[in-house]
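Here is the structure we will look at, set down as structure tokens.
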Amino acid sequence: MKKSNLFLLAALLVFSLLTSMNVTAQDRKGPPENGERKGPPGGGHNPEQTETLSEMKGYKIGDKATDFELKNVDGTLFSLSDIKNAKGYIVVFTCNECPFAKMYEDRLISLHKEYAPKGYSVVAINPNVSATNDRESFEAMQKRAKEKNFPFVYLADTDQKIVPQYGALRTPHVFLLDAQLKVQYIGTIDDNAKNAKDVKVTYVENAIRALEHGEKPNPNFTKSIGCPVKFSK
């Protein structure tokens, strides 16, 4: 009788243990369905900036930007004033190795081809350029510009003198200026970094159209999506 009770107790313990293990396994989260990543490719950080417009340092909407002189990948020095008869400037802080920057390269090319003839050129600036990082060196920028056949300037903010003036936080991060260099829009390019075909709202293009009609962009601010700018200080 005692042996029977011991056997029954042992059986109950095994059953309880198996049940507990099964529940725990069911509670675990499996891999994303269809292979979809919830976060950015290759990383777990949140790609969306957390700062509001008021919390951002640098230019605000309506501020007049200061012209600059930076080295282009062709070896020449470039300033905004070099663009004649400009109606505005699509200033975008980007880089070589950020997955989000890469996702938007073709869209930046399309933006420039579409709007440069209308007076709005893309002006790409790399705030992460570094002589000690082979993937973000000036030579790497030249190689990337050649590979992608960039139709716009790709400038090296070597000493990070320009990025803090604008207050760019991510790559890419867009600042749309009007002809008087006044900031009219700050933020992301569109509403879908992953897939250009699924874009529903083209924020930069909408902002340009508003300026073309003598109106103020609405919205004039969105949170940028991308990799954090690598500030050296």
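Scope of the values below: all heavy atoms of this structure, side chains included, with no hydrogens, waters or symmetry mates.
The two residues Val129 and Met141 come nearest to each other via the heavy atoms CG2-SD, 3.8 Å. What you find for Ile61 and Leu53 is that their closest heavy atoms are CG1-CD2, 3.9 Å. Among all heavy-atom pairs drawn from Asn96 and Arg144, the shortest one is OD1-CB, 3.8 Å. Closest approach of Arg107 and Ala193 over heavy atoms only: NH2-O, 2.8 Å.
Classification of the Phe68-Phe78 ring pair by plane angle, with boundaries at 30° and 60°, yields tilted.
Using a 4.5 Å heavy-atom cutoff, the side chains of Asn126 and Asp157 are not in contact. Looking at Ile109 and His112, their side chains never come closer than 4.5 Å, going by heavy atoms from C-beta outward. A heavy-atom distance below 4.5 Å is found between the side chains of Val229 and Asn128. No side-chain heavy atom of Phe175 sits under 4.5 Å from any side-chain heavy atom of Ile90. Contact check for Lys118 versus Lys87: no side-chain heavy atoms found under the 4.5 Å cut-off. In this structure, Asn72 and Leu77 have side chains that are not in contact, with every pair of non-hydrogen atoms separated by 4.5 Å or more. Within the 4.5 Å cutoff, the side chain of Ser121 has no heavy atoms near those of the Tyr115 side chain. For the pair Met56 and Tyr166, the minimum side-chain heavy-atom distance is 4.5 Å or more.
In this structure, Arg170 does not pair ionically with Glu48, as no charged nitrogen and carboxylate oxygen lie closer than 4.0 Å. The pair Lys148-Asp106 meets the salt-bridge criterion, with a side-chain N (NZ, NE, NH1 or NH2) lying under 4.0 Å from an Asp/Glu carboxylate O.
Partners of Lys143 according to the side chain to side chain contact (heavy atoms under 4.5 Å, CB included) rule, which considers only residues two or more places apart in sequence or in another chain, are Glu147. Shown here are the salt bridge (charged side-chain N to carboxylate O under 4.0 Å, His left out) partners of Glu51, two or more places apart in sequence or in another chain: there are none.
Both Leu108 and Val204 sit in one connected hydrophobic cluster of ILVMFWY residues. Membership requires side-chain heavy atoms under 4.5 Å apart, directly or through other members. Under the 4.5 Å side-chain contact rule for hydrophobic residues, Leu70 and Leu181 share a cluster. Both Phe152 and Tyr185 are members of a single hydrophobic cluster when ILVMFWY side chains are connected at heavy-atom separations under 4.5 Å. The same ILVMFWY cluster, assembled from side-chain heavy atoms under 4.5 Å apart, contains both Ile162 and Val183. Under the 4.5 Å side-chain contact rule for hydrophobic residues, Tyr59 and Val174 do not share a cluster.
For residues 59-86, no residue pair satisfies the salt bridge (Lys or Arg N to Asp or Glu O under 4.0 Å) rule, not counting sequence neighbours. For residues 87-133, the set of pairs meeting the disulfide (SG to SG under 2.5 Å) definition, not counting sequence neighbours, comprises Cys98-Cys227. Sorted by first and then second residue, the pairs that involve residues 123-141 and meet salt bridge (Lys or Arg N to Asp or Glu O under 4.0 Å), not counting sequence neighbours, are Glu97-Arg135. Pairs engaging residues 174-223 under the disulfide (SG to SG under 2.5 Å) rule: none recorded [sequence neighbours left out].
Annotation: the span from Ser224 atom OG to Phe100 atom CZ amounts to 10.5 Å, rounded to 0.5 Å. In this structure, Ile125 CD1 and Leu155 CG are separated by 5.5 Å, a value rounded to the nearest 0.5 Å. Here the CG-CG distance, from Leu176 to Leu211, works out to 5.5 Å after rounding to the nearest 0.5 Å. Atom OH of Tyr89 sits about 13.0 Å away from atom CD of Gln184, to the nearest 0.5 Å. How far NZ of Lys223 is from CG of Asn46: 9.0 Å, rounded to the nearest 0.5 Å. For the atom pair CE of Met103 and CD1 of Ile189, the computed distance is 12.0 Å after rounding to the nearest 0.5 Å.
The backbone N or O of Leu111 sits nowhere less than 3.5 Å from a side-chain atom of Glu114 that would complete a donor-acceptor pair. Looking only at distances, a side-chain donor or acceptor of Asp178 sits under 3.5 Å from a matching main-chain atom of Lys182. Here the side chain of Asn192 pairs a donor or acceptor atom with the backbone of Asn195 at under 3.5 angstrom. The backbone N or O of Ala101 sits nowhere less than 3.5 Å from a side-chain atom of Glu105 that would complete a donor-acceptor pair. Side-chain N or O atoms of Thr202 include none that pairs as donor or acceptor with a backbone N or O of Glu205 at under 3.5 Å.
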task = Any chance you could lay out the side chain to side chain contact (heavy atoms under 4.5 Å, CB included) test for Ile186 and Asn220, step after step, and finish with the verdict?
result = CA-CA 6 Å; Ile186 300 173; Asn220 59 14; over 6 Å; no

Check your understanding: Which is it for Ile83 and Val123 under the side chain to side chain contact (heavy atoms under 4.5 Å, CB included) test, yes or no, and what are the steps along the way?
Key -> CA-CA 10 Å; Ile83 303 176; Val123 178; 4.1 Å; yes

Go through it in stages, so that I can follow the logic: the residues are Leu80 and Leu177, the test is side chain to side chain contact (heavy atoms under 4.5 Å, CB included), and I'd like the CA-CA distance, side-chain angles, deciding distance and then a yes or no. CA-CA 10 Å; Leu80 294 177; Leu177 314 181; 4.0 Å; yes

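Using modelled atom types and a 3.5 Å distance limit, the side chains of Tyr154 and Thr94 yield no donor-acceptor pair. The closest side-chain donor-acceptor pair between Tyr120 and Glu212 falls under 3.5 angstrom. A donor-acceptor pair shorter than 3.5 Å cannot be found between the side chains of Ser79 and Ser81.
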